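One structure below.
No hydrogens, no waters, no symmetry mates; every other heavy atom, side chains included, goes into these values. Computed from a predicted structure; not experimentally measured. Sequential numbering from 1 along the given sequence is applied to the chain's residues.
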Amino acid sequence: MTDDTMDDPIDPVELVELVELVALGSRALAAAGHGDMVWGHLAVRDPDGRGVWMKSAGWGLEEITPERVLLVSWTGERLAGTGRVHLEHHLHTELMRARPEVRASVHTHSPTVNAFSALGEPLRALSHDAVVFAEHGLPRYTATDNLVRTPGLGRALAADLGGARACLMPGHGLAAVGRDTAHAVMYAILLERACRTQLTARAAGELRHWTGHQECLEKDAVAWPDSQIDAGWRYWLRRAALLQAH
């Protein structure tokens, strides 16, 4: 993938919708329990190829409005918006460099995912949530437990993620990607839920049953087609709106 811009500039109406999408996705993640004070972020690829749109540093996911969304270049410069660029912008730009089909990426500091990652064991399909990761597996980021603060660390994350939908980041949370914002957000939410289920089961005793790999692939096609990803996404948007109203 190159950083070249597209031939036609982005339509102003599309730009407004894109910035609103970043804000909506951020608040949906917060509603699903992915908030960590002012840390964690969602990024959406700029249709003109200039970089990524992501939230301004210093704000919680639940606080994001279109006015708190920035356009960040592939090298980390702020091209539009006001506020500070997140130190870990390399996480998103390098994932998207490596995966041209990816239009959105998520990084959150889910305590549940961190607790699961510390076990060093594979994610088992104990519920519908886990089967969405069956096709490509659930890799682990191995370069560092520290912040993804350089292009090299971002590239290492992209290499460990490979073609998967999400990646454990031990001691640091998770990364999830999707062909649109709905898929990236839902994959992050489903991963947190799947990890929570396994932690709960292990606390009660030894794991004795989980869905086998082939049936997981079949179940993924039935349980998580685009229509169900969209239904889940719209549910979390409604939850976020209700929380904001109160």
Side-chain angles (χ1 to χ4, degrees), residues 25 28-29 31-34 40 42 95-96 98-142 156-239:
L29 285 165
H34 283 253
L42 158 72
L95 286 178
M96 292 192 200
R99 297 271 298 272
E101 83 284 5
V102 166
R103 293 287 178 257
S105 53
V106 169
H107 170 54
T108 67
H109 297 163
S110 163
T112 302
V113 175
N114 278 335
F116 175 79
S117 296
L119 298 177
E121 64 182 40
L123 181 68
R124 301 298 189 186
L126 308 184
S127 65
H128 294 343
D129 303 320
V131 303
V132 78
F133 305 106
E135 182 178 2
H136 303 286
L138 182 63
R140 300 168 67 89
Y141 180 46
T142 58
L157 174 60
D160 284 341
L161 176 69
R165 292 168 170 171
C167 183
L168 298 175
M169 301 177 67
H172 192 178
L174 65 89
V177 297
R179 66 171 184 265
D180 55 29
T181 308
H183 281 77
V185 168
M186 280 296 294
Y187 292 154
I189 291 172
L190 292 172
L191 178 56
E192 189 276 335
R193 287 162 54 97
C195 290
R196 188 193 324 155
T197 298
Q198 188 156 333
L199 286 172
T200 302
R202 286 188 86 261
E206 181 183 355
L207 298 182
R208 298 184 183 277
H209 176 81
W210 54 85
T211 305
H213 180 67
Q214 185 57 43
E215 189 171 3
C216 277
L217 296 178
E218 297 166 359
K219 189 177 180 182
D220 178 33
V222 175
W224 298 115
D226 290 347
S227 61
Q228 292 306 296
I229 292 291
D230 184 65
W233 160 248
R234 292 182 182 279
Y235 167 78
W236 286 110
L237 292 183
R238 294 194 299 272
R239 281 286 301 271

Minimal non-hydrogen separation, Pro170 against Tyr141, with atom names: CD-O, 3.6 Å
Interatomic spacing from CZ in Arg124 to NE2 in His209 - rounded to 0.5 Å: 12.0 Å
Derivation and outcome, side-chain contact (heavy atoms from CB on, under 4.5 Å), residues Arg202 and Leu119: CA-CA 10 Å; Arg202 286 188 86 261; Leu119 298 177; 3.7 Å; yes
Check: Trp224 and Met186 side chains under 4.5 Å, non-hydrogen atoms: yes
Aromatic plane relationship, His109 with His172 - under 30° parallel, 30 to 60° tilted, over 60° perpendicular: tilted
Atom pair CH2 (Trp233) and CD1 (Ile189), whose distance is rounded to the nearest 0.5 Å: 8.5 Å
Nearest non-hydrogen partners of Phe133 and Tyr187, listed with the distance: CZ-O, 3.4 Å
Test item: Leu168 and Leu191 side chains (from C-beta on) under 4.5 Å apart, heavy atoms: yes
Positive for side chain to side chain contact (heavy atoms under 4.5 Å, CB included) with Leu174, one of Asn114, Leu138, Thr108, Thr112: Thr108
Within-4.5 Å side-chain heavy-atom neighbours: Arg165 and Glu135: yes
Test log, rule side-chain contact (heavy atoms from CB on, under 4.5 Å), inputs Lys219 and Val222: CA-CA 5 Å; Lys219 189 177 180 182; Val222 175; 5.7 Å; no
Candidate pair Leu29 and Leu42, rule side-chain contact (heavy atoms from CB on, under 4.5 Å), full reasoning: CA-CA 9 Å; Leu29 285 165; Leu42 158 72; 4.3 Å; yes
Any side-chain heavy-atom pair of Val177 and Leu161 under 4.5 Å: yes
Any Asp226 side-chain heavy atom under 4.5 Å of Arg179 side chain: yes
Arg140, CZ: over 12 other non-hydrogen atoms inside 6.0 angstrom: yes
Residue pair Val132 / Asp129: nearest heavy atoms and the distance that separates them: CG1-O, 3.3 Å
Close side-chain approach of Arg196 to Leu199, heavy-atom, < 4.5 Å: no
Shortest non-hydrogen contact between Glu121 and Phe116, atoms and distance: O-CZ, 3.5 Å
Closest heavy-atom pair and its distance - Ala104, Ala184: O-CB, 3.6 Å
Heavy-atom pair of closest approach, residues Ala223 and Pro225: C-CD, 3.3 Å
Donor-acceptor contact below 3.5 Å, side chain Arg99 vs main chain Ala164: yes
Neighbour count >12 (heavy atoms, 6.0 Å) for atom CZ, Arg193: no
Nearest-0.5 Å distance, OG1 of residue Thr211 to NE2 of residue His128: 9.0 Å
Side chain to side chain, Trp236 and Val185, heavy atoms closer than 4.5 Å: no
